[in-house]
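Okay, structure first, notes after.
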Amino acid sequence: MRTRALVKRIIRQFIRDKRTLAMMFLAPLLILTLVNLVFSGNDYDPEIAVISNSEQIASQLEKADNSFIVYENKKRAAEDLENEKLDAIVEINSPSTKITLEGSNPTANKAVMMTVEKTLKSLTPQNHQQSSMETEIDYLHGSADMESFDYIGPFLIGFFIFFFVFLIAGVSFLRERTTGTLERLLATPMRRWEMVAGYVLGFGIFTIIQSAIIVSFSIYVLDIMMAGSIWFVILITLMLAVTALSLGTLLSAFAKNELQMIQFIPLVVVPQVFFSGLFNIETMADWLQPLSYLMPLTYGGQAIRDVMIQGGGWSEIYDEVLVLAGFSLLFMVLNVLALKKHRKL
Amino acid sequence: MTSVIQVFDVSKNYSSQRVLENISLNVKKNEIYGLLGPSGAGKTTLVKMIAGIETPTKGSIEVLDTPMPNLQNMTRIGFMAQSDALYVELSGHENLEFFASIYGLKGTKQKERIEHAASLVNLTEFLKKPVQQYSGGMKRRLSLAAALLHEPEILILDEPTVGIDPVLRQSIWNELYKLSDAGTTILVTTHVMDEAEKCGQLGMLRDGRLIASGSPQQLKESTASATIEDAFLYYGGVRNEN
């Protein structure tokens, strides 16, 4: 009842604030479009399995470039490829060569093709039969015409939703405190959890609309690769938005004004970009890598990628969705506790 | 007559700073009790504790025979904060609707109460306007209306008449008298000395201490002062000499 009153009020306030609505719905579209236009690739060290009926060729490859790892067992290689431990499998059964790429990441694809080409060329003087080889290329996921944006796009969708919802929800909740209305609410019998629930539900309604708009825009206008179901993507982005929403309202308790809320961006939002998988985590220092487990965006970004690029369904994403739900619940509980600062009951 | 607000030896610290020291007071049913003191005296802190928002560091507070803070009790208290705690994007009506729903008023009852509270503060014709376009005085009146919606037995008003023109101030006071006659107990803070004369009982607050209490008449007579201001100076001065 009281929560419903709060939800209704938030919806009304939001609709009056056209500019914030625009920031939530249109700004991510603008930025995604820009990134789509300007994006360029980066360096990448691929992992390539070598399977060959000739042990000599296999060990030569392994010596020539440390990207290559000799696998005896074709099935194990295929499994590792599926689990993204490998970027590609090269099968050399002369006279034919078959390359199977994992395919999700265009940067990795390019790096694999370059490494294989370069290594085979360097081996040619010693081994003439290779030049006459026919090469067959297969993709496990994606395809040869996949662009870099197809790989980073799913991640950016998650990121921008996270960023804008975090900021808008945080500032709104903060304003409730600075304008004195929080104190006014605390003079009513409204419980702290009712207040937090009202905020999550009220903003949640807008984040559903936001998720739907951004995801549809990316797929139908920016023509980003979409292998799975759009509903799964919307579900994941929604979970990510609720996480951002609960985190934003929680952190606003520790900000005195809007500027201090903005100061949380470099502390909370920016690290997510670096540690959540947009950049390759494997190339970072070992002690830094576990940080990625603390970032909600790691789970959101991974799940969106699973659906959009690899066509994954519920069985691929449910664990990430559950982790995000867990984050949201944790932040909400902490927020109920943080409100104790303002009223003990 | 029974006491509906009882404050027992209450002190309040914010970190190491002492804001209120050993305050005890009683407010009887139907009374209009005024807390008089300059800004910084601790008036707001005291009424917030009585309203159940803050908790005392030492001592205890009972409202309607129930120790505060207590959520059930809060439905029986109306609170008007010092700042206009309103949602400026919303219309006056939407603000009242929100607060009414929080107190569990719905349907025709809600409509009736909103109409009644709005007419009390002369805002009926402005209810459709967004609060953004309200003047300072109109916002104060809307805050007052919001505090009256659920027909509280106890009304706590923190500086209700700041920035309100004298004519309107008079009409608000008339309203408070009417509410008091109808059985509402009113606790009001003010730093305006002449406004204090309008209260039935007064508590004088200075530097976190209650320096005197009684009816305005008693306070003036016992200090042989012509005005409340003189009486305040007298009590404030006595404490300084000690």
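A note on names: the letters A, B, ... follow the listed sequences, proteins ahead of strands, and every chain is numbered from 1.
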Would you please name every residue forming a side chain to side chain donor-acceptor pair (under 3.5 Å) with Glu115(B), sequence neighbours left out? none

Taking the side chain as C-beta and beyond, is there a heavy-atom pair between Leu186(A) and Phe79(B) under 4.5 Å? no

Looking only at N and O atoms, which donor-acceptor pairs between chain B and chain A are within less than 3.5 angstrom?
unit_1	atom_1	unit_2	atom_2	d
Lys48(B)	NZ	Glu183(A)	OE2	2.7
Thr55(B)	OG1	Lys344(A)	NZ	3.4
Phe79(B)	O	Arg184(A)	NE	3.2
Phe79(B)	O	Arg184(A)	NH2	3.4
Tyr87(B)	OH	Arg9(A)	NH1	2.8
Tyr87(B)	OH	Glu176(A)	OE2	2.3
Glu89(B)	O	Arg16(A)	NH1	3.1
Glu89(B)	OE1	Gln13(A)	NE2	3.1
Glu94(B)	OE1	Arg16(A)	NH1	2.9
Glu94(B)	OE1	Arg16(A)	NH2	3.3
Glu94(B)	OE2	Arg12(A)	NE	3.4
Glu94(B)	OE2	Arg16(A)	NH2	2.9
Glu97(B)	OE1	Lys8(A)	NZ	3.3
Glu97(B)	OE1	Arg12(A)	NH1	2.9
Glu97(B)	OE1	Arg12(A)	NH2	3.2

I'd like to check the side chain to side chain donor-acceptor pair (under 3.5 Å) partners of Asn22(B); sequence neighbours left out, ordered by chain and number. Asp9(B)

Can you name the side-chain contact (heavy atoms from CB on, under 4.5 Å) partners of Ile31(A), sequence neighbours left out? Val35(A), Phe160(A), Phe164(A)

In terms of heavy-atom pairs under 4.5 Å, which option from Ile102(B), Val88(B), Leu86(B), Ile156(B) contacts chain A the most? Ile102(B)

Of the backbone (N, CA, C, O) and the side chain (C-beta and beyond), which part of Ala146(B) lies under 4.5 Å from a heavy atom of chain A, both, or neither? both

Could you pull out the closest heavy-atom pair between Leu71(B) and Pro189(A), with the gap in Å? O-CB, 3.5 Å

Minimum heavy-atom distance Phe98(B)-Leu6(A), with the two atoms named: CE1-CA, 3.6 Å

